[in-house]
Amino acid sequence: MPEGPELHLASLYVNKMCAGVVFTGPVRKSEVSKNPDVPFTCEAYRITATSRGKEVKLTLTPMKSDDPKERVKAGQADQPMDIVIRFGMSGYFRFTTEDELPKHAHLRFYSKETPCRVLSFVDARRFGSWQPNGTWQSDRGPCIMFEYKSFREKVVSHLSDRAFDKPICEVLLNQKYFNGIGNYLRAEILFRLNIPPFVPARTVLEGLESEDLCENEKPVKNETTDTKTSDGAKQKRVKGETGDLLRLCHTVPLEVVNLGGKGYDPQKTDYSDFKAWLQCYCVDGMKSIGDHNGRTMWFKGDPGPMAPKDSKSPKAKKRAKKEDGHDYYTDKKKVASKRSESTSKKKQESVTKIPKKEKKGCPKEAGTKRRKAVKSREVTEPQHEKRSTARKRKSSSAEPTAGPQRRRGRVTRQNSK
DNA sequence: CGTCCACGTCTAC
DNA sequence: TAGACCTGGACGG
């Protein structure tokens, strides 16, 4: 469960489950983990957590002891220790009894209770990592959810950085500026504003103010914001009910936090609320192509000018290792797209592939009905906005029109040229 | 059974 | 800009 919202929900989970619980002894690591040992042991300590972007920090705090001398002799901690954890693609926390330890529980903290319980950092793929006595990774930027002001200022004041030469969808994954945004969030955010994913990032971001004028506005109605029609330059007309791109990098993740559940976690029972929340990522009827790093970008409509010509894919990798020298036959697969057209106008359509049957890789609803999207046409019709919670769930089964609609329009494609 | 795909970094040619 | 690093679920044959 890896994007900002999931990491934050994980920290809330730890604080809730471990409130009042006393832990004891050494912190234990699985045999198979290549991460460092955590040199901490204490007769009695507590655990609390905080999150920042895509990292969680656990703080182990020794409880007061009547006999400091004894403690020191026993090699016990008397000072708190912070452990900074990154979740990789599959990390999460679980608090269980000792005999219910989840498979892949790579870092464990034991409680002092008698049927003892264990707080585990579970990580099936082991892409996650931790650092004892750690600090927030220095090259990661401010948290998009809880350090919004500095996050925004940092982006706006660094637009000349070459990092912004790339397509906006790829820049959104750059943790130096967007700490907490991941693959599903970038799709949902760009979708809400109808921004083509492969448009140069700087083009989309320049003109945004370092201060979010939206912040102190009420529910903000159709605040249409003027536009200093005064010839040249940018006209700020941002804002609307939604806000600009940077603001959505803050509010959209918070929506997931407010869903409660566990965010992206197909195995979870309350995963359906999250699935119902998704409007674009893995949604039927949406398009998807691999970006320049081989990550799947989900979107609707125009891919934008910087879309990969020949959708790359780090797939097509390991080819038989038999022996035969000749096998530079290695890749093919999605190169299936026609080659037609060619120069002149960049008509896409060859790059975008619409899900034929079921998209692999996107978790199906276990047991329940799948989410159907408006396959026929894209809804342009204003629906009744009804924000609020996604408590409904269920959303009637056979509803063919339960999908994502709600186009807000107003793209604000500024830029000069 | 085998292939493809997955919420993310990392480092090496 | 490729791989490497991993496990496991969904599909296809």
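Below, read A as the first sequence line, B as the second, and so on, with proteins coming before strands; counting in each chain starts at 1. Heavy atoms only: backbone and side chains are in, while hydrogens, waters and symmetry mates are out.
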Please measure how far the P atom in dC5(C) lies from the corresponding atom in dC13(B), and state the result in whole Å. 12 Å

Between dG9(C) and dT9(B) - P atom distance, rounded Å: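 Pairwise P distance, dT9(B) against dG9(C), rounds to 23 Å.
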
Tell me whether the OP1 or OP2 atom of [N] has a side-chain N or O from [X] closer than 4.0 Å.
| X | N | result |
| --- | --- | --- |
| Lys103(A) | dT7(C) | no |
| Gln175(A) | dT9(B) | yes |
| Thr296(A) | dC5(B) | no |

Which ranges of DNA chain B pair up as stems, where a stem means three or more consecutive Watson-Crick or G-U pairs with both distances under 3.5 Å?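 Stems found: B:1-6 with C:7-12, B:8-12 with C:1-5.
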
Quickly work out the [X] [atom1] to [N] [atom2] distance and round it to whole Å.
| X | N | atom1 | atom2 | result |
| --- | --- | --- | --- | --- |
| Asn183(A) | dG8(B) | CG | C1' | 10 Å |
| Met297(A) | dA6(B) | CE | C1' | 16 Å |
| Met89(A) | dC5(B) | CE | C1' | 9 Å |
| Glu6(A) | dG8(B) | CD | C1' | 13 Å |
| Asn35(A) | dC10(B) | CG | P | 10 Å |
| Lys275(A) | dA6(B) | NZ | P | 14 Å |
| Asp291(A) | dT9(B) | CG | P | 13 Å |
| Asn293(A) | dA6(B) | CG | C1' | 16 Å |

Name the closest nucleotide to the [X] side chain, picking from [options].
| X | options | value |
| --- | --- | --- |
| Arg86(A) | dG8(C), dC10(B), dA6(B) | dC10(B) |
| Arg140(A) | dC5(C), dT7(C), dT9(B) | dT9(B) |
| His104(A) | dT9(B), dG8(C), dA6(B) | dG8(C) |

Determine, for Tyr110(A) and Arg28(A), whether the Lys NZ or Arg CZ falls below 6.0 Å from the six-membered ring centre while staying within 45 degrees of the axis.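 Geometry flag: set, cation within 6.0 Å and 45°.
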
Answer yes or no for this row: Phe127(A) ring on dC5(C) base, centroids under 5.5 Å, planes under 30°. yes

Charged N to carboxylate O below 4.0 Å: is that the case for [X] and [Y]?
| X | Y | answer |
| --- | --- | --- |
| Arg186(A) | Asp291(A) | yes |
| Asp139(A) | Lys176(A) | no |
| Glu147(A) | Lys154(A) | no |

Of Arg125(A) and Leu173(A), the one whose closest DNA chain B nucleotide lies more 5':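 Nearest nucleotide further toward 5': that of Arg125(A).
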
Could you check Phe121(A), Trp130(A), Tyr92(A) and say which one makes a ring pair (Phe, Tyr, Trp, His ring centres under 6.0 Å) with Phe87(A)? Phe121(A)

Take atom NZ of Lys57(A) as the centre, draw a 6.0 Å sphere, and report whether it contains more than 12 heavy atoms from other residues, nucleotides or ligands.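 Buried by this count: over 12 neighbours within 6.0 Å.
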
Students often get this wrong, so: under 4.0 angstrom with heavy atoms, is Arg186(A) touching a base, only sugar-phosphate, or nothing? nothing

Within the 4.0 Å heavy-atom criterion, would you say Gln137(A) contacts the bases, only the backbone, or no part of the nucleic acid? sugar-phosphate

Can a donor-acceptor pair be found between the side chains of Asn15(A) and Thr48(A) at a distance below 3.5 Å? no

State which residues pass salt bridge (Lys or Arg N to Asp or Glu O under 4.0 Å) with Glu100(A); sequence neighbours excluded, sorted by chain then number.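 Salt bridge (Lys or Arg N to Asp or Glu O under 4.0 Å) list for Glu100(A), sorted by chain: empty.
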
